[in-house]
There are 2 protein chains.
Amino acid sequence: MNALLTYFQHFQVLNKEYQDQLLAISKLQHLKKNEILQPIGHTCKTIYFVQKGIARIFYYKDGIDITECFAAENHIIARVESLFTQRPSQKGIQIIEAAEIIAINATQLFALYDQYPAIERLFRKIFEQGYVETVNRLESLQFYNAEERYLNLLHEMPDLLQRVPLKYIASYLGITQVSLSRIRSSIK
Amino acid sequence: MNALLTYFQHFQVLNKEYQDQLLAISKLQHLKKNEILQPIGHTCKTIYFVQKGIARIFYYKDGIDITECFAAENHIIARVESLFTQRPSQKGIQIIEAAEIIAINATQLFALYDQYPAIERLFRKIFEQGYVETVNRLESLQFYNAEERYLNLLHEMPDLLQRVPLKYIASYLGITQVSLSRIRSSIK
DNA sequence: GTGATTATTTATCAATTGTTAAAGGATGCC
DNA sequence: GGCATCCTTTAACAATTGATAAATAATCAC
């Protein structure tokens, strides 16, 4: 689970004790393509770190499957609207590409916050970064049209297209699959 | 500045020492309509609490004025993408309705984090709430059409329409002013 | 491999939103 | 009060996106 510690150290230096405490509440899971890591309706009690593979947060709107976000290698994925409120989430987490996921027990993590302010600070910084990324994405949805958003995504995650079915990407961009297909053909 | 302390206590109980430390880095400002509280280009070093009136975060895209968000009474407003990274912001803050604003010095606040973990926790919780609100807004932009978004806004902030020019609301919803005007007339 | 299932593209038409310009209202300054 | 400025609406047309259906391509299970 070195990748996780490296990820953490990117935010903040952690001594051995902190590292041990964090590893003690973390568990490596191997998951196959299409597996549901967290079903819709559960309250989020786990923060996931993607060591390998790709996962997505999804939900249903009028029966249609919507992808809220993707997480590839070296990214955290969690349904924060449930994690921070401890209310049931209307969203689930699914594996899109066979994955190695480190599951961090949130209940135990929050207990560590009381004991180790440095760990609370670490996760404050991690989620502040997530917050900033969400604000940037909001801006993209607010003021770029579908083609611009598609090109931006291509630029930010060039390998995503090779690894993720287009149907997931369409809803992520806030458009239909047919519309994405049209945009793709107009670009060539 | 009781409104600020009440706001804080909504997240977490604070003893007298914490309260005093927080008040010591906070300053009440009176601002007129249309005043620029923070100009575009500056790095965010202040977190604002709106005690009275309304403020907005704005920026320019292709020379067009865009409203990213509004903050009315009892809300925090800050350009988090600059606050958390300490890089210059491409966004500014403007007063839309004559306001009483409490300016919290972020540099001093971050210093308090080191001294008082409880204060760091307080602001962790405040920004976690902001994060959740941003995720919800992302969802709204991703999967509701302009009319639905307008009606949702009407529901969430019924008095906003009476207090804020429509031109600001249009860009907040991610549409043009003409389009908003059309939607409004089709609803009546 | 073969057939079944799933994913993607293409086509057509409808609905929504953008663009530009002009007209009507409201507001503020002197 | 009157003029200038700013805000909002309306209109006409263009561009974008959605909805539905069908065709093609890719993938998976056996």
Side-chain angles (χ1 to χ4, degrees), chain A residues 31-36 53-54 56 58 60-67 70 94-98 139-154 159-188, chain B residues 31-36 53-54 56 58 60-67 70 94-98 139-154 159-188:
Chain A
L31 293 135
K32 291 179 199 150
K33 186 176 170 179
N34 292 331
E35 263 191 272
I36 300 293
I54 300 184
R56 72 174 183 125
F58 71 101
Y60 293 98
K61 196 219 164 196
D62 304 335
I64 296 165
D65 179 308
I66 304 295
T67 296
F70 299 106
Q94 185 184 21
I95 302 302
I96 304 185
E97 184 186 83
E139 203 178 306
S140 147
L141 276 168
Q142 204 176 358
F143 292 101
Y144 291 86
N145 65 27
E147 181 175 328
E148 290 171 320
R149 297 200 298 271
Y150 175 71
L151 292 173
N152 285 344
L153 181 63
L154 233 61
D159 62 342
L160 198 69
L161 239 53
Q162 276 61 255
R163 300 173 69 186
V164 171
L166 287 171
K167 61 173 180 170
Y168 296 145
I169 292 173
S171 67
Y172 173 84
L173 294 172
I175 55 177
T176 61
Q177 196 184 339
V178 175
S179 190
L180 175 57
S181 193
R182 187 159 36 196
I183 286 165
R184 281 162 54 81
S185 72
S186 79
I187 286 170
K188 285 167 200 160
Chain B
L31 293 134
K32 290 180 199 149
K33 186 176 169 180
N34 291 330
E35 262 190 274
I36 300 294
I54 300 184
R56 71 174 183 125
F58 71 101
Y60 292 99
K61 195 218 163 196
D62 304 334
I64 296 166
D65 179 308
I66 304 296
T67 295
F70 298 106
Q94 185 184 22
I95 302 302
I96 303 184
E97 184 185 83
E139 203 177 307
S140 147
L141 277 169
Q142 204 175 358
F143 291 103
Y144 290 87
N145 64 27
E147 181 174 329
E148 290 170 320
R149 298 201 298 272
Y150 175 71
L151 292 173
N152 285 343
L153 181 63
L154 233 62
D159 61 342
L160 198 69
L161 239 53
Q162 275 62 255
R163 301 172 69 185
V164 171
L166 286 172
K167 60 173 181 171
Y168 295 144
I169 291 173
S171 68
Y172 173 84
L173 293 172
I175 55 177
T176 61
Q177 197 183 339
V178 175
S179 190
L180 175 58
S181 193
R182 188 160 35 196
I183 286 165
R184 281 162 54 81
S185 72
S186 80
I187 285 170
K188 284 168 200 159

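Order of the sequence lines fixes the chain letters, A, B, ..., with proteins taken first and strands second; residue numbering starts at 1 for each chain.
- B:Asp65 places its CG atom 14 Å from the C1' atom of D:dC6, with the value rounded to the nearest Å.
- Less than 4.0 Å separates DNA chain D from at least one heavy atom of each of the following residues of residues 170-181 of chain B: B:Gln177, B:Val178, B:Ser181.
- The structure places OG of A:Ser171 at 10.0 Å from CG of A:Leu180, a figure rounded to the nearest 0.5 Å.
- No donor-acceptor pair closer than 3.5 Å links the side chain of A:Asp62 to the backbone N or O of A:Ile64.
- Without hydrogens or angle criteria, A:Glu147 side chain to A:Ile183 main chain gives no donor-acceptor distance under 3.5 Å.
- Atom CD in B:Glu147 sits roughly 14 Å away from atom P in C:dA15 (whole-Å rounding).
- Look at CZ on B:Phe143: it is 16 Å from C1' on C:dT16, rounded to the nearest Å.
- For A:Arg182, the side-chain atoms get nearest to D:dT17 when compared with the rest of C:dT17, C:dT10, D:dT17.
- At least one cation-pi condition fails for B:Lys167 and B:Tyr172: the charged atom is not both under 6.0 angstrom from the six-membered ring centre and inside a 45 degree cone around its axis.
- Five base pairs at each end of the helix from C:dG1-D:dC30 to C:dC30-D:dG1 define two local axes, and these are offset by 60° (rounded to 10°).
- Of the possible donor and acceptor atoms, one in the side chain of A:Thr176 sits under 3.5 Å from a partner among the backbone N and O of A:Ser179.
- Counting to the nearest Å, the C1' atom of D:dG18 and the OH atom of B:Tyr144 are 17 Å from each other.
- Residue order along DNA chain C, read from the 5' end via each residue's closest nucleotide, puts A:Pro165 first among A:Pro165 and B:Ala146.
- Side-chain atoms of B:Glu35 never come within 3.5 Å of backbone atoms of B:Ile95 as a donor-acceptor pair (strictly under, hydrogens ignored).
- Protein atom OH of B:Tyr150 is 14 Å distant from nucleotide atom P of C:dT17, rounded to whole Å.
- The interatomic distance linking A:Asn34 (CG) with D:dT27 (C1') rounds to 12 Å, in whole Å.
- In this structure, A:Leu151 atom CG and D:dT16 atom C1' are separated by 15 Å, rounded to whole Å.
- Comparing D:dC7, C:dT17, D:dT9 by their nearest atom to the side chain of B:Lys167 picks out D:dC7.
- The listed nucleotides are C:dT17, D:dT9, C:dT12; the one nearest the side chain of B:Leu166 is D:dT9.
- Taking atom CZ of residue A:Arg184 and atom C1' of nucleotide D:dT24, one finds them 15 Å apart after rounding to whole Å.
- A side-chain donor-acceptor contact under 3.5 Å links B:Thr67 and B:Arg56.
- A donor-acceptor contact shorter than 3.5 Å links the side chain of B:Lys61 to the backbone of A:Phe143.
- Here the side chain of A:Glu97 pairs no donor or acceptor atom with the backbone of A:Lys33 at under 3.5 angstrom.
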